[in-house]
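Data block below; observations after.
Note that this is a predicted model, so its numbers are computed, not measured.
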Amino acid sequence: MLHLITPPESSDSFLPGGLFLHGHTLPSSFTSYLPPPPPSSSSDPIKVSCFCRKTCRRVEGGVGGVGGGAFFSLSLSLNGASGDQRYGKESGEILGHHHKKVEDVDDGLSEEKEKVEINGSGAVNMSKHLWAGAFAAMVSRTFVAPLERLKLEYIVRGEQKNLFELIQEIATSQGLRGFWKGNFVNILRTAPFKAINFYAYDTYKNKLTRMLGNEESTNLERFVAGAASGITATLLCLPMDTIRTVMVAPGGEALGGVIGAFRHMIRTEGFFSLYKGLVPSIISMAPSGAVYYGVYDILKSAYLHSPEGRKRIQRMKEEAQDLNALEQLELGPIRTLLYGAIAGCCSEAATYPFEVVRRQLQMQVRATRLNALATCVKIVEQGGVPALYAGLIPSLLQVLPSAAISYFVYEFMKVVLKVEST
């Protein structure tokens with residue numbers, strides 16, 4: 001009869017991590033490893049030897065304490081006249097279930113650690129992405145500030161002089177600095193606006209592509225992402241645009257800068273006066289963003305799929321270590337500027353009437369405020385349909401370099417900051 005030496009009463013089992021054995025009974029799963037014992041040794045006891053992987057002690061003839069860890073092997077020996085016969089099985093087979101649980105825990109911890117790292121990296125990448133867009137806005141707006149000032153003179157003041165007369169008047173009355181009047185406020189408005197716009201567009205486009213299971217963005221996805229990014233940026237940044245318009249308008253100089261204009265509007269018209277023109281702003285920015293980002297991306301995609309574009313991408317991969325930031329631009333400097341300018345012109349021409357209506361709405365006071373449609377009708381009655389395009393030429397002259405520089409600086413900063421696709 002087979003016997004297992006009973007462990008001390010003070011310890012009925014191994015500590016956690018060891019093998020759990022009860023006295024008086026040998027499990028059938030153990031005896032299945034043994035052949036029928038020889039007749040001469042039928043009464044000989046079975047010795048159990050356990051070897052632990054880490055801090056366990058070797059136990060023979062009974063059960064001892066375990067310092068922790070998992071068994072490396074388990075052997076059963078049958079002592080008889082014919083000599084020792086040993087039978088063993090690795091712990092990977094005997095304790096497979098235990099190891100599976102340990103591996104599952106390890107996998108869970110690894111996945112959690114990876115998730116934390118990815119989230120952290122995503123936050124840093126988002127910050128870089130936003131800074132790339134903001135820096136692009138700062139450079140482009142400062143460069144074209146004089147043209148922006150001329151456009152506002154036509155829209156806000158209803159200027160009737162021709163372009164050269166207006167330039168001469170500003171230079172005579174305000175000097176060279178007059179052409180950059182309101183540029184700081186413009187940067188405060190456009191930097192976050194462009195940062196959010198660029199980041200939102202790339203994010204929406206990539207999310208739509210993955211969600212719909214496409215390998216590459218379609219034109220529809222590009223237009224939808226551009227419209228959504230324009231709406232997002234407008235909702236977040238419209239108050240600064242309204243303040244800037246009030247400052248440039250007649251009498252705006254007496255309000256005392258950004259803070260003064262902000263307090264004046266809150267005190268006289270309430271908080272929501274900062275969102276005057278919200279509906280036409282959204283109506284204009286949705287198609288504007290769709291055309292601007294959509295056209296640029298379509299031109300870019302067409303070039304990258306052309307034989308010349310494929311050769312350029314292949315060369316960039318082969319010579320990646322030797323290329324500077326300008327040479328790493330996918331389209332190259334000249335083509336990036338050109339495509340940005342084309343996209344900006346298409347966007348401005350398509351949505352300029354909305355811009356005129358929005359500016360007029362921002363200039364209205366509560367007592368005589370009209371809705372967007374009534375404002376549009378009033379503009380047409382006073383100046384005809386061409387009034388909806390007042391200032392289009394200086395606006396296009398401003399948009400051409402602005403859009404070109406904006407996209408160029410944005411793509412350049414993405415390379416410098418090593419921004420990853422969202």
Side-chain angles (χ1 to χ4, degrees), residues 131-195 197 233 237-266 268 274 276-277 281 337 340-341 344-345 348 352 355-356 358-360 362-363 389-410 412-413:
W131 272 111
F135 195 74
M138 294 177 192
V139 175
S140 63
R141 288 295 175 176
T142 300
F143 186 83
V144 300
L147 296 173
E148 176 76 8
R149 172 68 194 277
L150 294 175
K151 184 182 76 171
L152 286 176
E153 289 292 332
Y154 277 106
I155 296 176
V156 176
R157 296 179 182 268
E159 188 60 64
Q160 300 297 319
K161 297 184 179 71
N162 64 45
L163 184 60
F164 295 103
E165 291 177 346
L166 181 59
I167 292 174
Q168 186 177 7
E169 181 183 336
I170 294 175
T172 303
S173 61
Q174 303 177 33
L176 190 62
R177 294 181 58 183
F179 291 100
W180 275 267
K181 178 183 178 182
N183 184 57
F184 177 70
V185 181
N186 198 22
I187 288 177
L188 290 180
R189 174 184 69 90
T190 57
F193 182 85
K194 275 294 182 184
N197 225 330
C237 302
L238 184 62
M240 279 305 302
D241 186 56
T242 304
I243 291 173
R244 174 176 174 270
T245 303
V246 171
M247 289 177 61
V248 176
E253 299 88 348
L255 296 178
V258 178
I259 302 299
F262 174 78
R263 289 176 176 173
H264 173 76
M265 294 188 69
I266 295 296
T268 59
L274 298 173
K276 286 192 295 186
S281 295
L337 289 167
C345 283
E348 188 73 7
Y352 192 77
E355 172 80 358
V356 173
R358 179 169 67 91
R359 298 290 184 184
Q360 291 294 332
Q362 290 173 341
M363 291 300 303
Y389 292 89
L392 178 60
I393 293 177
S395 182
L396 288 176
L397 292 175
Q398 172 232 336
V399 165
L400 272 169
S402 176
I405 294 171
S406 181
Y407 247 120
F408 174 79
V409 175
Y410 173 66
F412 178 78
M413 291 304 298

Shortest non-hydrogen separation from [X] to [Y] and the atoms involved:
| X | Y | value |
| --- | --- | --- |
| A137 | A191 | CB-CA, 3.7 Å |
| P192 | I187 | CD-O, 3.9 Å |
| P401 | F143 | CB-CE2, 4.2 Å |
| K276 | T242 | O-OG1, 4.1 Å |
| S140 | S402 | CB-O, 3.6 Å |
| N183 | R141 | OD1-O, 3.5 Å |

If we only count heavy atoms from C-beta on, is the [X] to [Y] side-chain gap below 4.5 Å?
| X | Y | answer |
| --- | --- | --- |
| Q174 | E169 | no |
| L274 | L238 | no |
| I170 | F179 | yes |
| P146 | W180 | yes |

(message) Return the SG to CG distance between C345 and L396, rounded to the nearest 0.5 Å.
(response) 5.5 Å
(message) Surrounding CD1 of I266 (heavy atoms of other residues, nucleotides or ligands, distance under 6.0 Å), is the total greater than 12?
(response) yes
(request) Tell me, please, which residues at least two apart from V409 pass side chain to side chain contact (heavy atoms under 4.5 Å, CB included). (result) F135, A136, V139, I405, M413
(request) Applying side chain to side chain donor-acceptor pair (under 3.5 Å), name anything that partners Y407, two or more places apart in sequence or on another chain. (result) none
